[in-house]
Amino acid sequence: MKRLDAILEAAPGLIDGAADLPALASVEAELLGKSSVVGELRRGMGKLDPEQRPVVGAKLQEAADQLKTQVARRREVLEMAAERELLISDRLDLTLDAWVPTVGTRHLITQVIEEVTDIFLGLGYVVADGPEVENVWYNFDALNTPDWHPSRLESDTLYVEYRERDDVLMRVHTSPVQARYMEANDPPVYIIAPGRTFRTDTWDATHSPSFHQIEGLVVDEHITFSDLKGTLIHFVHEFFGPDTEVQFNPHFFPFTEPSAELHVKLDGTWLEMLGCGVVDPDVLVNVGYDPDKYSGFAFGMGVERLAMPKYGIKDIRRFYENDLRVLRQFP
Ligand code: PHE
């Protein structure tokens with residue numbers, strides 16, 4: 001019995017000292033197994049006096065239960081620890097090869113269109129648009145373009161085969177939006193119309209068969225060439241900077257009279273930026289406006305032409321190749 005008391009006293013230290021489940025299993029065998037003190041005493045029960053047996057038996061059972069409970073408690077703790085360790089070592093680091101979504105940016109052409117549009121929105125203009133596939137009436141006739149004008153030839157204009165018609169084409173400028181807008185709306189007109197345009201140009205450093213223009217049109221009472229000048233000078237100063245020099249040089253367009261080309265001096269060089277002029281009264285008549293009551297001015301600028309000097313792009317093809325090394329420079 002003394003040995004049993006000694007075991008019960010030593011047991012908690014042994015049990016709690018077991019660092020893992022295999023260690024606990026050997027402690028358990030040591031305390032409760034066949035060759036343990038408890039096991040030995042159990043085997044010796046038969047040799048005891050009959051009246052001693054229940055007393056010793058009860059004591060032994062109580063000791064065994066006590067040891068079993070202690071072992072079970074420790075086992076629970078060790079099992080939880082083992083589980084936790086397994087979870088930690090087994091964990092997938094989901095952030096390691098996570099897919100990072102890339103955020104796109106607007107193309108430089110779009111950015112320049114928005115920049116220009118914003119300047120005119122600030123002056124009270126509204127945005128208008130029209131189809132890229134046009135017909136001869138809106139692209140040429142309504143705009144007072146004579147039959148003999150070379151821009152009508154297939155050498156300049158891309159015609160579209162559409163059913164039996166021979167008057168369908170890719171618009172060569174954004175000017176047809178002028179005619180379409182005036183037909184559908186009464187004056188006053190203050191519009192800006194950005195969009196894509198097409199010509200039979202050969203792809204090189206300064207030409208592309210598809211490019212972009214921004215059209216402007218004002219029609220109101222008492223509009224003069226001075227309004228045109230003031231407006232475009234304001235635009236150039238907003239877009240290229242307040243000290244930029246500007247020249248209006250006489251030119252010809254069928255739909256404006258007088259007409260001019262606007263040149264801008266950038267880094268010491270005069271660059272042609274846009275065509276403009278006072279709306280020809282014949283155009284006003286074509287769309288049903290009274291030319292004695294209303295007058296106006298119009299202009300059309302090349303988006304790539306504005307963007308190239310401003311953003312230092314030397315080859316127009318860079319705009320359309322979608323080379324990420326280029327696109328990433330204009331976030
Ligand atoms: N449509 C002309 C061009 O493409 C530009 C222009 C627009 C000229 C409006 C005068 C008025 O060259």
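For ligands, and for the atoms within them, numbers begin at 1 and follow the listed sequence. This chain uses plain numbering: 1 for the first residue, then up along the sequence. Keep in mind that the numbers below use all heavy atoms, side chains included, and drop hydrogens, waters and symmetry copies.
Protein heavy atom at the shortest distance from atom 12 (O) of ligand 1 is Phe253 CE2, 3.7 Å.
When all heavy atoms of Met45 and Gly57 are compared, the closest pair comes out as CE-CA, 3.5 Å.
Ring-plane geometry between Phe330 and Tyr311 is classed as perpendicular, the angle between the planes exceeding 60 degrees on a 0 to 90 degree scale with a lower cut at 30. Note on ring orientation: taking the six-membered ring where Trp is involved, the planes of Tyr125 and Tyr190 are perpendicular (angle over 60°, cut-offs 30° and 60°). Using the six-membered ring where Trp is involved, His173 and Phe255 have ring planes that are perpendicular, over 60° apart on the 30 and 60° scheme. Between Phe253 and His251, the ring planes lie tilted relative to each other; the angle falls in the 30° to 60° range.
If you look at Ser259 next to ligand 1, there are no close heavy atoms at all, none under 4.0 Å. Within the 4.0 Å heavy-atom criterion, the part of Arg199 lying near ligand 1 is the side chain and not the backbone. Contact annotation: for Phe255 versus ligand 1, heavy atoms closer than 4.0 Å belong to the side chain alone.
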Derivation of the salt bridge (Lys or Arg N to Asp or Glu O under 4.0 Å) call for Asp129 and Arg180: CA-CA 9 Å; Asp129 69 359; Arg180 285 183 177 274; over 6 Å; no
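Interface atoms of ligand 1 facing Gln213, defined by a heavy-atom separation under 4.0 Å, are 3 (C), 4 (O). Interface atoms of ligand 1 facing Phe299, defined by a heavy-atom separation under 4.0 Å, are 7 (C), 9 (C), 11 (C). The distance from ligand 1 to the heavy atoms of Glu215 drops below 4.0 Å at these ligand atoms: 7 (C), 9 (C). Near Ala298, with a cut-off below 4.0 Å to any heavy atom, the atoms of ligand 1 are 9 (C), 11 (C). Within ligand 1, counting atoms from 1 as listed, the ones closer than 4.0 Å to a heavy atom of Gln178 are 9 (C).
Val278 meets the side chain to side chain contact (heavy atoms under 4.5 Å, CB included) test with Phe225, Pro258; sequence neighbours excluded.
The distance criterion of under 3.5 Å between nitrogen or oxygen atoms is not met by Thr256 with respect to ligand 1.
No side-chain heavy atom of Ile191 sits less than 4.5 Å from a side-chain heavy atom of Asn185.
Considering each of Ser175, Gly300, Gly216, the one bringing a non-hydrogen atom nearest atom 1 (N) of ligand 1 is Ser175.
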